[in-house]
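Written out below as structure tokens is the structure these notes cover.
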Amino acid sequence: SGRIHMGHVRNYAMGDVVARYKRAKGFNVLHPMGWDAFGLPAENAAMERKVHPKEWTYANIAAMRAQLQSMGLSLDWSRELATCDPDYYKQQQRLFLDFLAAGLVDRKTAKVNWDPVDQTVLANEQVVDGLGWRSGAPVEQRELTQWFFKVSTYAPQLLAALDRLDRWPDKVRLMQRNWIGRSEGLAIRFALDRATAPEGVGEIEIYTTRADTLFGAKFLAVSPDHPLATRLAKSDPALMAFIDECHRMGTAEGTIERAEKKGYDTGIRALHPFDDGWTLPVFVANFVLMDYGTGAIFGCPAHDQRDLDFVHSVGLDATPVVCPPGIDPASFVIGDTAFLDDGIIINSRFLDGMTVPQAKEDVARRLEAQMRDGRPVSVRKVNFRLRDWGISRQRYWGCPIPVIHCGECGIVPVPLCELPVRLPDDVTFDRPGNPLDRHPTWKHVPCPKCGKPARRETDTMDTFVDSSWYFVRFTDPWSDEPTSQAAAKWMPVDQYIGGIEHAILHLLYSRFFMRAMRKTGHIAIEEPFSGLFTQGMVVHETYRAKDGSWLSPAEVAITSEGGIRRAVHARTREPLSIGSIEKMSKSKRNTVDPDDIIETYGADTIRLFMLSDSPPERDVIWNEEGVQGAARFVQRLWRLVGDTKSIMGNGGPSPNGEELVYSPAALAIRKAAHRALAQVEIDIEHLRFNVCIAHIRELANTLQDAMSELDEGAARAPDVVAALSEAMRILIAVTAPMAPHLAEECWQALGAPDLVARAAWPQVERSLLTDATVTLPVQVNGKKRADITVPREADGAAIEAAVLSLDAVKRAMEGRALRKFILVPGRIVNVVI
RNA sequence: GCGGGCGUGGCGGAACUGGUAGACGCGCGGGACUCAAAAUCCCGUUCCCCCUAAAGGAGUGUCGGUUCGAUUCCGACCGCCCGCACCA
């Protein structure tokens, strides 16, 4: 919605921790925060407020910047960039024109769902029961010419490169793989019986991955949008009605529940490619998609569930042509379930006895060799599900598409010197439709080529275009070109953090964009994000009053009586029901405002809670008790710093450069600190922030205990003072990435120079990570019975003797003989009897 | 329907490549301080048996397998979650 919500805070906090850590480790870090915080024109918010979306967005960039800073998500090493900024759009328009020149842009006409009241194109999910999502009016089908990026030409590369994205979650890679949807098959031209076919239509080309089942064919079917169907409908009102019905069903019920399979018999007969005397009926069928394959199929009901469902409604039967292993072909019949697995080919003349792959190959070879009209009847074809990306939007918000339509010259790019094409400021939103299109003057311009009156393109780009390359622009937002040498230096992004909801669209579009920018010479990389992490959502309980209205957590008081949690209205004490835990949303009103929490607890507390409560990839349940726990830790750390100071006395340690001899107590403090430091490094590298904070708390506990055990005299011993001072600095340094404000205060209180944010990361002393002795758990037959502490270098025989003389071991052995003695050095001992 | 993932205390969760299950926190119980409360600190907190402790038994969804040893590996089942969905 434009304002920062808890989901953003979690996202940015994670990135900020990694950035601060890497920076302390000596890396140059560019940590741009997501585009959505920087003013993706927020259509809904602007619509609700009846304000100019652009104005609203700019006002909010300033507010968001202040919010970010209040949370310690400082911008000192980020670059500021608004993706709706005219300069950003200028560069984006340049990219568009370069893509256009390179043949990566397409203009296609297709049927769209059109809301006649809102005067706008609807996405499939915006159509409910055949009605427009906002207007509630019946949706119309309309032909519209729109702009597309040719993503599908990169489908093979986008698929193949997924294997190399080894720092991406498998889940996202799999989702993209399915989305791209590669399949290998045959395109087969079926000749039509001339007596039944319309004039000039000699064949239908279908696509199949199951050429092995060709002898099980019972019919051909084409999509309602297939050219043949359109042509036949012109002279057949009944077919026309059927096609209209399919369109309505397709938009309405298709998305809600699986529609019944229906077909219209065209009367045309198609000839089987292996037998001229065998003809098949041709249907127009509602379940055949125009935008996959050739928009036409052959139907084999025995081995395809859809085809089987379909033939029931038109009275055809199913002949099995693949027999499952171990079944007698003579008795194998198809009931309500199609047989989809592998088997042996039957009822298929020359294919009989082959396996499925053998039969596919045989059919492909025979049909490739069979010629008609100088072309093979069939060609092997790899098909992709991935479609081109329609970027046209008939809306005000978004980057204008920089072309001009001229009656004489056709489509003419806007000259580079005239970029950016700016959006007009004087638009109105009081009427439906595209404000750019009905603006009185904006679109009327002379043709740049011939000077005659022409028309500006009034479509704007999908805002996903804005987010497809913002991370590249961040590397040098002031460059006069879309990119500069800085992009080569910084790209690809080492670590990208975002929600799983971007698994397909945003992440795939960005991958396409890098390839397109590479082809047009703007960048030298193919993949935008070498490391990807998908973080969980921030969720919260929901509260409902008797009348069904939702209440926000701020209006609710939680009481706990006898261990049962109850919710009441904070003011009226009206009892409320506690509902399910859901993603924070405005509609359920279960949001918590980050500003309120900052006001009460401070920014570091939010950050600590967000990072510590759950593993980052899982949802985090926002609960007040947990936040209070984080707040307690903030207080405890601050007190610990105060205690350290009083024990160390004024002025702190003064080792005089002599080699200190550490007493066991001092050594224990140092060991605890360096162990925690080593752990924190591993945890941050693996983005396991919850475990990281556990290790920090453990160290704080240890130091607190150590201090309370020391008496005044011992505490003043120089070795203890030095150890404590070192340990405290380590503690604060490792806390700094998570809780930067607190850490700076503590750093200063400890008398350290400069800022912890500018300090180098402490160095782990490896020698402190191992002990001279090691405590091994002792198992008897796999059950733990005792512990034994032995020198690290002790030999096996000595350990065995020591273990067998333990009372607990003797008791557990009950006088039985030792069968085997297992020693895993440094790990465990197991006595087998 | 197809594909993927996950099941650990009252709760969020931890456990390196098979090696002490329950780190750290929340909650809860008890105590200290206080006239009192808040805050803070200390102790306890998987379950069973037991006045308590020691000792013991059970235990990572269920059942089985591999192993000296399984939350971890394998098989079957049960439950929950997510993604895609007429893709020929």
Side-chain angles (χ1 to χ4, degrees), chain A residues 169-175 177-179 181-183 185-186 206-211 213 221 223 250 254-255 258-261 285-289 291-300 303-307 309-310 337 340 383-387 500-501 503-504 560 563 565 608-609 612-615 617-621 623-630 632-633 635-636 639 679 682 686 688 690-701 704-705 708 775-787 808 811-812 819-824 826-833:
Chain A
D170 289 342
K171 181 180 173 131
V172 174
R173 289 197 284 173
L174 186 70
M175 282 167 76
R177 207 166 278 135
N178 292 340
W179 190 261
R182 183 182 192 274
S183 72
L186 286 184
I206 62 98
Y207 177 73
T208 182
T209 57
R210 291 299 303 270
T213 63
S223 162
T255 51
R258 188 177 265 183
E260 194 196 337
K261 289 176 181 42
N286 64 347
F287 65 97
V288 181
L289 304 174
D291 45 21
Y292 188 78
T294 58
I297 61 158
F298 88 82
C300 176
H303 303 290
D304 185 296
Q305 192 61 47
R306 292 159 311 198
D307 296 346
D309 294 345
F310 175 68
T337 312
L340 308 177
N383 231 317
F384 291 93
R385 208 191 80 112
L386 183 67
R387 284 180 275 160
I500 188 75
E501 69 273 17
I504 305 296
S560 179
R565 293 179 74 248
L608 281 172
F609 172 72
S612 69
D613 198 59
S614 295
E617 70 277 10
R618 262 185 241 181
D619 290 350
V620 59
I621 304 170
N623 65 316
E624 198 75 9
E625 289 90 352
V627 179
Q628 280 167 9
R632 258 199 300 277
F633 179 68
Q635 299 298 334
R636 218 148 65 80
R639 260 199 321 276
Q679 283 293 339
I682 295 167
H686 291 94
R688 296 187 311 188
N690 57 327
V691 186
C692 176
I693 290 175
H695 284 127
I696 292 173
R697 295 180 104 128
E698 216 171 358
L699 175 59
N701 291 348
Q704 198 170 359
D705 291 349
S708 64
T775 299
L776 300 173
V778 176
Q779 294 182 337
V780 177
N781 279 354
K783 283 220 179 296
K784 191 199 167 195
R785 299 294 175 180
D787 284 313
R811 196 166 48 234
R819 278 207 303 167
K820 202 169 172 188
F821 186 85
I822 290 166
L823 170 68
V824 184
R827 271 279 140 96
I828 201 164
V829 171
N830 195 4
V831 178
V832 186
I833 52 172

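The chains referred to below are lettered A, B, ... by the order of the sequence lines, with proteins before strands, and numbering in each begins at 1. As the structure is a computational prediction, the values presented were derived from the model and not from experiment.
The P atoms of B/rG75 and B/rC24 are separated by 36 Å, rounded to the nearest whole Å.
Between A/V824 and A/R210, it is A/V824 whose nearest contact on RNA chain B lies nearer the 5' terminus.
Across B/rU20, B/rG13, B/rC41, the shortest atom-to-atom separation from the side chain of A/Q779 is found for B/rU20. For A/L289, counting side-chain heavy atoms from C-beta on, the closest listed nucleotide (B/rA15, B/rU20, B/rA88) is B/rA88. The A/V288 side chain lies nearest to B/rA88 when the options are B/rG19, B/rA88, B/rC42. Of the candidate nucleotides B/rU20, B/rG69, B/rA14, B/rU20 has the atom nearest to the side chain of A/P777.
For A/N701 and B/rG25, the shortest distance from a side-chain N or O to OP1 or OP2 is below 4.0 Å.
Residue A/G293 is out of contact with every strand shown, counting any heavy-atom pair closer than 4.0 Å. Within the nucleic acid shown, A/R697 comes within 4.0 Å of sugar-phosphate atoms alone, with no base atom in reach, counting heavy atoms only. At the heavy-atom level, A/R785 lies under 4.0 Å from the strands shown only through sugar-phosphate atoms. In this structure, A/T208 reaches the sugar-phosphate backbone alone: every heavy-atom distance under 4.0 Å involves primed, P, OP1 or OP2 atoms, never a base. A/N690 comes within 4.0 angstrom of the backbone, heavy atoms only, and of no base. Counting non-hydrogen atoms under 4.0 angstrom, A/R819 reaches nothing in the nucleic acid. Here A/V778 lies out of heavy-atom contact (under 4.0 Å) with every strand. At the heavy-atom level, A/R688 lies under 4.0 Å from the strands shown only through sugar-phosphate atoms.
One can place CD1 of A/I833 at 14 Å from C1' of B/rG69, the figure rounded to the nearest angstrom.
If you check distances only, the side chain of A/R827 does reach the base of B/rC16 with a donor-acceptor pair under 3.5 Å.
In this structure, A/S183 and A/Y207 have side chains that are in contact, with non-hydrogen atoms separated by less than 4.5 Å.
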